[in-house]
Amino acid sequence: MAIAEQHGGKRLKHAQQTTLSLSIDRLSDLPDSVLTHILSFIPTKFSVRTSILGQRWRHLWAYVPKLDFRQDNQITINSAMLLRKVQTLKFLRLYYYTHPSDCSDQTTRYSFAIARDVKRLDIRLLSINALPRCFFTCKTLVYMRLAACGVNPSSGTVCLPSLKKLLLCYVYFKSDESLQNLLSGCPVLEDLSIGLHRDMVYCNVSSPKMKRLWLEFVSNSRCDRLEINAPALKYLKMVNSFFEHIKCGVLNSLTEADINLVNDNNKPDYLLHSRSLLEFIDRLRRIIDSVVYDRTTSFCNLTRLELTADIHFISMFLKNAHNLKFIDLSEFGEETEGWMEKVPTCVLSHVEIIKLANIKGKKHELGYIKYLLKNAKVLERMEISYPGSLAWEEKIHLLHEISSFRRASEECEVAFVVDFNK
Amino acid sequence: MAAETGTPTTLTLKSNDDELFSVVESAAILSVTIRNMVEDGCAGGVIPLVNVDGKTLARVITYMNGISAIPGVGAAAEEEKKKSYRDKFVSDMDFETLADMVLAANYLNMSCLMDAVSAKIARVMEKKSVGWVRRKFGIENDYTPEEEAAVKEEHKWTFEGVETDDDN
């Protein structure tokens with residue numbers, strides 16, 4: 001908040017005052033707890049400035065149970081910590097956008113927070129120096145986000161008994177075991193997001209209670225082995241993944257998966273078909289099978305699977321995905337004719353919804369749309385989205401052709417949607 | 001009182017200026033205050049909300065209906081959609097409306113709405129001058145000149161590098 005030079009305070013004109021008076025009177029009735037709640041949404045340095053507003057506000061900032069420092073200097077951080085009046089600290093945020101001037105002081109700050117039963121930590125340091133050990137032994141921590149810092153706990157040194165959500169953004173792990181050492185000390189972890197540093201070669205994620213996992217890789221990642229052991233997993237998202245070897249344990253609780261596989265230009269195509277990768281996808285397929293045939297267990301349906309990969313992979317996958325109900329081929333548009341005809345028709349015996357995007361009416365596109373409509377016996381809806389830039393004649397041609405294709409499913413509705421972004 | 005199966009129960013809410021509103025119960029109980037009143041047996045009649053006026057209550061009900069209409073496609077997608085809905089909801093409001101909304105959300109005990117509105121108020125406050133904040137919040141500058149100087153001195157570490165400007 002900017003500072004104004006006060007010259008005895010301005011008086012509002014009477015006319016203005018009457019229209020605003022209702023909210024003003026009520027706002028000043030707000031209890032301190034609500035005002036400090038509002039202050040908790042701004043960085044500490046700014047909330048301290050509110051002390052200049054009036055007597056009541058002199059110490060309000062000091063009761064905010066949160067400290068939020070953004071590229072602040074030593075004096076600011078130390079002063080804010082010392083002048084606080086409330087004992088508990090629920091949230092500590094420490095962000096550096098350029099290299100911090102002095103790393104050594106940070107340990108005292110973390111100890112300070114941990115001693116005050118901090119529940120949430122959000123740290124971005126821009127330093128690969130390993131975080132101190134006290135970090136990993138905080139009993140009250142429920143949420144932790146670490147970005148651009150070094151993590152290197154040795155085996156058995158981590159004890160985070162309350163941690164439920166962990167986000168690691170481009171964290172530097174000194175060794176590949178560091179991740180597993182960290183996870184093994186988080187017995188109740190439910191939600192893990194990792195944006196991986198490119199140097200990690202082997203990524204092992206094992207957690208008994210984990211429900212949500214998001215793995216994001218950079219395009220020049222060196223990682224080529226992935227191991228997931230998360231039997232309670234309900235939601236899995238993998239972005240920019242490419243693995244020669246994936247090993248995956250039981251995934252019986254999975255209800256939602258969003259897998260994005262890319263073919264790194266340096267690696268030949270055949271690696272995409274490598275055995276372990278197909279076994280992984282097979283693991284997902286088995287869940288669908290289990291649900292259909294094994295009603296006594298309490299599995300949930302894997303009803304949605306969004307898969308972005310090249311056509312060789314998709315065709316192999318579709319050959320095995322007998323029970324898929326929803327197919328979204330929006331990211332795919334390669335001009336290869338005839339590949340879909342190699343996909344057996346039993347593939348389409350359960351699919352209910354198909355979505356296709358960026359359809360322009362080309363021969364190969366019409367070819368596979370015709371094939372899908374002819375063979376999808378229980379199809380309820382096909383949604384075809386075409387670019388807004390498509391010419392009038394092309395649009396008419398597209399609609400006319402598709403409407404004339406024979407449909408195996410009588411209830412099938414074909415919807416045409418304009419995509420104005422293309 | 002449960003209605004016949006298939007028909008959602010609706011509640012009648014009354015604002016402090018005697019306006020009546022009909023809301024589906026599943027949307028209304030986003031407010032813990034209303035939920036408690038229902039559990040205490042008020043569902044049959046009209047639920048009086050003494051600290052909310054009609055104009056604000058109408059907006060709150062729009063919010064309740066909007067949030068409960070978001071389909072549960074998947075937990076992650078649902079959370080994303082709810083967050084965008086909240087962001088849009090508060091982005092359209094002027095300061096006076098935000099003030100009314102924070103009071104209402106506090107009284108009705110609706111924590112997600114409260115957080116969204118508080119965050120917006122905080123962002124607005126952060127950018128404005130001291131004079132502006134005093135006017136909008138109805139804060140009287142009750143410092144003596146000596147006290148004010150003392151406060152500035154005590155916290156000079158936060159005021160460093162700030163340009164002085166007039167009330168805007």
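By convention in this document, chain letters (A, B, ...) are assigned in the order of the sequence lines, proteins followed by strands, and residues within each chain are numbered from 1.
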Scan the side chains in residues 114-124 of chain B for donor-acceptor partners under 3.5 Å anywhere in the protein, sequence neighbours excluded, and list what turns up.
unit_1: B:Asp115; atom_1: OD1; unit_2: A:His37; atom_2: NE2; d: 2.7
unit_1: B:Ser118; atom_1: OG; unit_2: B:Met114; atom_2: O; d: 2.7

Could you check if a side-chain atom of A:Ile52 sits within less than 4.5 angstrom of a side-chain atom of B:His155, using non-hydrogen atoms only? no
From the list A:Thr44, A:Ile75, A:Thr76, A:Leu83, the residue making the most non-hydrogen contacts under 4.5 Å with chain B is A:Thr76
Rounded to the nearest 0.5 angstrom, the CG-CD distance for A:Leu53 and B:Glu140 is 13.0 Å
Heavy-atom closest pair (B:Ile139 atom, A:Trp57 atom, distance to 0.1 Å) is CD1-NE1, 3.2 Å
When the 4.5 angstrom heavy-atom criterion is applied to B:Asn106 and chain A, the contacting part is side chain
### Task
Check the pair B:Val151, A:Arg58 against side chain to side chain contact (heavy atoms under 4.5 Å, CB included), reporting the backbone distance first and the verdict last.
CA-CA 8 Å; B:Val151 171; A:Arg58 185 164 184 174; 3.4 Å; yes
Here the gap from A:Gln55 atom CD to B:Glu148 atom CD, rounded to the nearest 0.5 Å, amounts to 10.5 Å
Of all heavy-atom pairs linking B:Trp157 and A:Lys45, the shortest is O-CE, 4.3 Å
Expected contact set for residues 59-67 of chain A against chain B at heavy-atom separation under 4.5 Å reads A:Trp61
Next on the checklist: Before you tell me yes or no, could you show the steps for A:Arg49 and B:Val130 under side chain to side chain contact (heavy atoms under 4.5 Å, CB included), namely the whole-Å CA-CA distance, both residues' side-chain angles and the distance that decides it to 0.1 Å?
Outcome noted: CA-CA 9 Å; A:Arg49 291 182 191 167; B:Val130 171; over 6 Å; no
